[in-house]
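What follows is a short report on a single structure.
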2 protein chains.
Amino acid sequence: MPQITPTPIKLQQALYELMWQQSYGRVTIDAICEKAGVKKGSFYHAYPDKAKLALDAFEHFWQTETRPWLDESFSPCDPPLTRLANWLSRGLEKTLQCQQEYGRIYGCPLFNIGSELSTLEPQVAAKVGEILRRHRDYLITTLRDASAEGSVEIDDAEEVARDVLTLVEGALTQARISNKPDPVRRLPKSVGRLIGATLPSPQILTVS
Amino acid sequence: MPQITPTPIKLQQALYELMWQQSYGRVTIDAICEKAGVKKGSFYHAYPDKAKLALDAFEHFWQTETRPWLDESFSPCDPPLTRLANWLSRGLEKTLQCQQEYGRIYGCPLFNIGSELSTLEPQVAAKVGEILRRHRDYLITTLRDASAEGSVEIDDAEEVARDVLTLVEGALTQARISNKPDPVRRLPKSVGRLIGATLPSPQILTVS
DNA sequence: CCTTGATTTGACTAATTAGTCAAGTAGCGT
DNA sequence: ACGCTACTTGACTAATTAGTCAAATCAAGG
C-alpha cells in the first residue's frame, strides 16, 4: 500500500526553480531540502541523487506548466502564423514578468541546464533533448499547416521547425546572458525573417 | 621590475579547456592547478579567485585563437557570402575535429559558460557578452558588404547579424546537448534561409 | 487498539574544497 | 657577491557538502 506524500513534488519544484535561477551545479542538496522544507534524510528516501530528481523535475514541469501552455498557444483554433505570434508574445510576457518579479531574466532552463549537463549528466541532457523535441513537434505541425494554407513557402517543415526552435532558444539564452529582454522582443521579426513571412499581431489572450 | 612567468597563461589555458569540456562550476581550483602543473599557492599568487582567472582566460583565448580565426575566415578578400560560408564550414570542421579527438561535441564556451554564469558571476557574463559582440561585428560588416553588393536584401544589417549569431550559437548548443554535429551541419542552409540567400560552397582553405 | 510498512528526522561521518601562510627558491639589477 | 622582489611550495585550517543510519513518527487496515 503505497503511501502518497508531497515530498517528491516539493523537491522537484525546489530543484527546478533553483537550477533555473542559478545553475544545476551550484544547487546543493541542502539548498534543495531547505527550499522544499524537507530534511535531508527525506531527500535520500525519495531520490538516490540530484540527477534522478532532475529527471522528474523536468518531466513534472513539462506536464504541469509547459504542456498546457503550449497547447493553448498552439491551438488549431487560430491560424498557424497567429499561433506562432501568440507563442512568442506569451514568451515575451513571461520574460518580462520574470524580470519584474526577480529583477533578472533567467531564460529557458532547457537550454541552460542541458548545455551545462551534456557532458556531466548524460541522462539529464537526454531528458532535455526529449522535451525540446516535444516543443519542436508543435512547430512542425504549425509550419505544415502554414504551408498547406499557403501563408509560407516551406519545403521541409521539420528543418525549418528546428531552425525556429534554435533561434528562439538562442534568443532566450542571449537574454539571460545580457539580462535584457531585447533578443526576445525581436523574435517575432526574426522568426518572420526565418520563415519568410510577416507574423500577424498576436491575438490578445486574457488569463482566466 | 615585473618578473614574467608562464603561470597565469598556463592557468588560463587549463581553466578554459576544463570549463569548456565540463562546466565552470564543476571545475575546482585543485583541478585547474593540476592541469596547469602548478601548485595552489601559485594560483592564489596569480589570481584572487576563479572568476578573475576566467576573465583573463576568455580574453586570452580570444586574442590567440578566435580573433585570428575570424580574421582569416572573414577576410574581405572573399565575397561576403563566401566569408559566411567559410566561417560556417570551418566551424563545422572544428566541431567534427572535437568529436573525433574527444569523442564528444563541446560546442561554444561563450554560450555555455555565459548562460551558466549570468546570475552567479556577472563580470564573467559581461565579458562573454563583450566577446559575442566582437563576433557580431564581423557579421555586421559582412552583411553590409553583401547588401551593398546586392547579393542579399537586408534593411538592417545589425538586426540580421544578431539573428545569425543567435542561430549559430543556438545550433552549437544544440550540438552540445545532443552530442551530434547535425545542427552545425545544417547551418549553411539555415543561415541562408535567414538572410534570404543561398550560401556559396566555401572556398577550400588548407591549413599551412 | 495494534501491527505493519512507509516516511521523517536529526545527528553523524567522510570527503572535498577554498583559501592561508611561513618558509624557501629563482631571477635580476647593482 | 649581495640584496631585493617576484614567485613557488607544501602543509595547514575552516567550511561546505554528499551521503548514512538508527530511532521516531505517521497513516491505514484489520
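Letters A, B, ... are given to chains in the order of the sequence lines, protein chains preceding strands, and every chain is numbered from 1. Model, not experiment: these values are computed from the prediction.
Listed by chain and number, the residues in a side chain to side chain donor-acceptor pair (under 3.5 Å) with Arg193(A) are Asp163(B) (sequence neighbours excluded). Annotation: side chain to side chain donor-acceptor pair (under 3.5 Å) contacts of Arg134(A) (sequence neighbours excluded): Glu59(A), Glu130(A). With sequence neighbours left out, the side chain to side chain donor-acceptor pair (under 3.5 Å) criterion links Asp30(B) to Lys40(B). Every residue two or more places apart in sequence or in another chain was checked for a ring pair (Phe, Tyr, Trp, His ring centres under 6.0 Å) with Tyr24(B), and none qualifies.
A close approach under 4.0 Å does occur between a side-chain nitrogen or oxygen of Lys39(B) and OP1 or OP2 of dG10(D). Residue Thr7(B) has a polar side-chain atom (N or O) positioned under 4.0 Å from OP1 or OP2 of dT8(D). Between Thr5(A) and the phosphate of dA6(C), there is no side-chain N or O to OP1/OP2 separation shorter than 4.0 Å.
If you measure from atom OH of Tyr47(A) to atom P of dT8(C), you get 12 Å, rounded to the nearest angstrom. Glu34(A) places its CD atom 14 Å from the P atom of dT9(C), with the value rounded to the nearest Å.
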Protein-nucleotides 17-19 of chain C N/O pairs under 3.5 Å:
residue, atom, partner, partner atom, Å
dA18(C), OP1, Ile29(B), N, 3.4
dA18(C), OP2, Ile29(B), N, 3.1
dA18(C), N7, Lys40(B), NZ, 3.0
dG19(C), OP2, Tyr44(B), OH, 3.1
dG19(C), N7, Lys40(B), NZ, 3.4
dG19(C), O6, Lys40(B), NZ, 3.3

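Nearest approach of Val152(A) to Leu81(A), heavy atoms of both residues: CG1-CD2, 4.0 Å.
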I'd like a table of donor-acceptor pairs (distance under 3.5 Å, sequence neighbours excluded) in which one partner is a side-chain atom from residues 171-181 of chain B, with atom names and distances.
residue, atom, partner, partner atom, Å
Thr173(B), OG1, Glu169(B), O, 3.0
Arg176(B), NE, Ser115(A), O, 2.7
Arg176(B), NE, Ser118(A), OG, 3.1
Arg176(B), NH1, Trp20(B), O, 2.9
Arg176(B), NH1, Tyr106(B), O, 3.0
Arg176(B), NH2, Ser115(A), O, 3.2
Arg176(B), NH2, Gln22(B), O, 2.8
Ser178(B), OG, Gln174(B), O, 2.9
Ser178(B), OG, Lys180(B), N, 3.4
Asn179(B), OD1, Ile105(B), N, 2.9

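Here the side chain of His45(B) is nearest to one of dT9(C), dT7(C), dC7(D), namely dC7(D).
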